Amino acid sequence: MQRKERFEKFLDYFSTHSPEPETELVYSNPYELLVAVSLSAQCTDKRVNLTTPALFNRYPDAASLAKATSDEVFHYIRSISYPNNKAKHLVGMAQMLMKDFNGEVPDTVEDLVKLPGVGRKTANVIASVIWQQPTMAVDTHVYRVSRRIGLVPQTATTPLAVEKQLMKYIPTALVHKAHHWLILHGRYTCLARTPKCEVCPVTEICMWYSKNKKKLVN
DNA sequence: ATCCCGAGGG
DNA sequence: CCCTCTGGAT
């Protein structure tokens with residue numbers, strides 16, 4: 001099966017069964033999503049959502065967060081992965097927002113990646129979810145699922161390479177949704193260690209499944 | 001032991 | 001390219 005056909009069937013299935021996928025991070029404005037996504041590295045969304053209410057209550061905007069010390073912020077995010085790094089990044093991020101962006105979240109990937117703690121993945125999420133731009137953020141789920149199914153060549157061994165390969169085949173209008181479909185599929189079905197092939201709706205197009213199904217049946 | 005919507009630094 | 005950061009869940 002060609003990649004184009006895999007894409008078409010993958011997109012068809014989820015268009016029908018998950019027509020309006022959205023992030024599971026809880027937020028109410030661009031600033032909050034930027035903070036939440038920055039916190040989400042190597043951490044579950046559930047854990048982030050347990051942490052952000054108190055954080056947003058104490059620091060409701062970039063102005064208040066910019067005046068905080070990293071030690072103060074650390075207190076609020078200590079149950080998150082890498083709390084020291086993230087606390088420093090958040091304060092630095094807020095200070096740059098105030099200094100260079102009038103306290104607002106930038107609307108280009110180019111500007112977003114200038115912020116401390118914001119790399120290409122986070123910038124792509126903000127550009128896509130907040131600013132409705134057709135950017136594909138490649139996180140651990142998107143990377144694993146794309147390669148396992150065979151949506152991208154096995155030679156795509158970096159997040160950037162996977163991003164470019166996905167962008168070649170996904171219609172612009174579906175990039176935002178496809179990002180969430182790949183994440184949700186990875187989070188709940190195509191698990192990293194033991195993918196749940198027995199309940200997977202897209203085994204028909206899956207390269208990994210076609211190679212391993214004999215072992216799975218026995 | 002391995003993984004979770006990574007980023008920065010060497 | 002590598003390494004480190006670093007808590008919670010399974």
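Note on naming: letters A, B, ... go to the chains in the order of the sequence lines (proteins, then strands), and numbering restarts at 1 for each one. These figures come from a predicted structure and were not determined experimentally. Computed over heavy atoms, backbone and side chain alike; hydrogens, waters and symmetry mates excluded.
- The same atom, P, is picked in B:dT2 and in C:dC3; the two are 16 Å apart, to the nearest Å.
- Put simply, CD1 on A:Ile183 is 8 Å from P on B:dC5, counting in whole angstrom units.
- Remark: the separation of the P atoms in B:dC5 and C:dT4 is 24 Å, to the nearest Å.
- Using cut-offs of 30° and 60° on the angle between ring planes, the pair A:His176 and A:His180 is perpendicular.
- Distance check, rounded to the nearest 0.5 Å: CD of A:Glu104 to CG of A:Asp111 gives 13.0 Å.
- Using modelled atom types, one finds a donor on one side chain and an acceptor on the other under 3.5 Å when comparing A:His141 with A:Arg144.
- Of all the residues in residues 107-128 of chain A, not one reaches under 4.0 Å from DNA chain C with any non-hydrogen atom.
- For A:His141, a side-chain nitrogen or oxygen approaches OP1 or OP2 of B:dC4 to under 4.0 Å.
- Within the 4.5 Å cutoff, the side chain of A:Met207 has heavy atoms near those of the A:Gln154 side chain.
- Counting heavy atoms from C-beta outward, A:Glu72 and A:Tyr59 have side chains that approach closer than 4.5 Å.
- For the P atom pair drawn from C:dT6 and B:dG10, the interatomic distance equals 16 Å after rounding to whole Å.
- The backbone N or O of A:Gln42 lies less than 3.5 Å from a partner atom in the side chain of A:Ser81, making a donor-acceptor pair.
- A straight line from CG of A:Leu33 to P of B:dC5 spans 14 Å, rounded to a whole angstrom.
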Notebook entry, point to check: Which letter, B, S or -, goes with each nucleotide of nucleotides 4-10 of chain C from 5' to 3', with contact meaning a protein heavy atom under 4.0 Å?
Noted result: -BBBSSB
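- Rounded to whole Å, atom P of B:dA7 lies 12 Å from atom CE of A:Met93.
- Side-chain contact annotation: A:Ser64 with A:Asp61, donor-acceptor N/O pair under 3.5 Å present.
- Taking atom CG of A:Leu191 as the reference point, atom C1' of B:dC5 lies 15 Å away to the nearest angstrom.
- Looking at A:His89, its side chain does come within 3.5 Å of a backbone N or O of A:Asn85 through a donor-acceptor pair.
- One N or O donor and one acceptor, one from the side chain of A:Thr23 and one from the base of B:dC5, sit under 3.5 Å apart.
- Put simply, the side chain of A:Lys177 does not reach to within 4.5 Å of the side chain of A:Leu11, judged on heavy atoms.
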